[in-house]
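Structure, as structure tokens:
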Protein chains: 2
Amino acid sequence: MVKKTRQKELILRTLQSNPFHPTAVSIYDEVRKEMPHISLATVYRNLRLFTDMGEISELEISGGLSRFEVRTDNHGHFWCNTCESVFDIEMIDKELNGRVAREKGFEVSNYRLVLRGLCPDCQPARQADTISSLGKEPED
Amino acid sequence: MVKKTRQKELILRTLQSNPFHPTAVSIYDEVRKEMPHISLATVYRNLRLFTDMGEISELEISGGLSRFEVRTDNHGHFWCNTCESVFDIEMIDKELNGRVAREKGFEVSNYRLVLRGLCPDCQPARQADTISSLGKEPED
DNA sequence: CTACTTGCAAAATATTTGCGTTATT
DNA sequence: AATAACGCAAATATTTTGCAAGTAG
């Protein structure tokens, strides 16, 4: 029997209001503002509980630190090289990816796609001529 | 100045001959057969060195344990739910994936795709209608 | 009440690092 | 001979767990 506690509610509410796929420690830092005596173990414990119950999902994408999000459906992620934020990417070709594997006899149940690069906020301004002296203009 | 050592050669040779994307500990277990006094730290140290030099690549796909491979080009992976082996998947739609993100203003430099499911060896025999017998009846 | 949950500290897991010694160039 | 690399142990970093005390149902 899972009991409702102030800690659980606060942790879930915090995650729901954070679109950047925070780590357990980020969530800990945030909930501590409202509940200073909460333990990091409680945060980890409840994030694991929610994950096991299928209410949230855990993203093991950023090397070492797990991140969490409220979405539980299959979708891609974009992880910025500079600010390290993680964004959701709606995939349109999941079918295609699956087919590639299926052709070789693999049975695909789900996938994890992480794109790396620069998010809009972290890209150097491209419209300004003033920075053109740096001469770095990435082209496809 | 990077010096050539028996340890480095053995570690690299072991990785080159293993197509299953082994972890550092797997590699350690393997090289110890030939060099019993080698240290796990040496394995980790050299895997990191090779990775930093771009000679091999590190895969952070399996939650906790890093895996390594000799390929350094961008490609996908299939991670079996049962045997936990990791296989290479040649992507044909990397462009498409990139475009999805680019349309939203993201600048994609590389990607990581991990498909989860069952590899050919771990799939239950599908031809049999009944599961009356424990023995698998291969009939390809 | 009594079973689940918390907070704290210690343990567990994975990887890195300090240091004195060994081996490569 | 100089210095990169090794082996070992200790240190880090992240997450989990044992336990006594607190709290929800």
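Every chain is numbered from 1 and lettered A, B, ... according to where its sequence line falls, protein lines coming before strand lines.
- A side chain to side chain contact (heavy atoms under 4.5 Å, CB included) with B:Asn46 holds for exactly one of B:Leu10, B:Leu12, B:Ile11, B:Thr51; it is B:Ile11.
- A distance of 9.0 Å separates CG in B:Asn74 from OG in B:Ser57, rounded to the nearest 0.5 Å.
- For DNA chain D, the residues of residues 41-49 of chain A within the heavy-atom distance limit of 4.0 Å (strictly under) are A:Ala41, A:Tyr44, A:Arg45, A:Arg48, sorted by number.
- The aromatic rings of A:Phe106 and B:Phe78 are tilted relative to each other, their planes meeting at an angle between 30° and 60°.
- By the salt bridge (Lys or Arg N to Asp or Glu O under 4.0 Å) test, B:Arg71 is found to be paired with B:Asp73, B:Asp88, B:Glu90, residues two or more places apart in sequence or in another chain being considered.
- Of the residues in residues 4-13 of chain A, those with a non-hydrogen atom less than 4.0 angstrom from any atom of DNA chain C are A:Thr5, A:Gln7, A:Lys8.
- Between A:Ser66 and D:dT15 there is a side-chain polar atom (N or O) within less than 4.0 angstrom of OP1 or OP2.
- Heavy atoms of B:Val25 sit nowhere under 4.0 angstrom from any nucleic acid atom.
- Mapping B:Val2 and B:Ala24 onto DNA chain C via the closest heavy atom, the residue that lands nearer the 5' end is B:Ala24.
- Put simply, CZ on A:Arg67 and CG on A:Leu47 are 13.5 Å apart, with the number rounded to the nearest 0.5 Å.
- Here C:dT16 presents its P atom at 12 Å from CG of B:Leu65, a figure rounded to the nearest Å.
- Regarding B:Met35, its CE atom lies at a distance of 7 Å from the P atom of D:dG7, rounded to whole Å.
- Taking atom NE2 on B:His37 and atom P on C:dT22, their separation rounds to 13 Å, with Å as the unit.
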What does the list of N/O pairs under 3.5 Å between the protein and nucleotides 21-23 of chain D look like, with a distance for each?
none

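- Rounded to 10°, the angle separating the first-five-pair axis and the last-five-pair axis of the helix from C:dC1-D:dG25 to C:dT25-D:dA1 equals 30°.
- The line from CH2 of B:Trp79 to CG of B:Leu59 is 11.5 Å long, rounded to the nearest 0.5 Å.
- One atom, CZ of B:Phe50, and another, C1' of C:dT15, lie 17 Å apart when rounded to the nearest Å.
- Among residues two or more places apart in sequence or in another chain, the side-chain contact (heavy atoms from CB on, under 4.5 Å) test is passed with A:Met1 by A:Lys3.
- Rounded to an integer number of Å, the gap from B:Met1 CE to D:dA2 P is 13 Å.
- At a threshold of 4.0 Å, the pair A:Arg48-A:Glu58 counts as salt-bridged, since one of the basic side-chain nitrogens sits closer than that to a carboxylate oxygen.
- Rounded to an integer number of Å, the gap from B:Glu60 CD to C:dA14 P is 14 Å.
- Spacing between atom CD1 of A:Ile27 and atom C1' of D:dT15 amounts to 14 Å, rounded to whole angstrom units.
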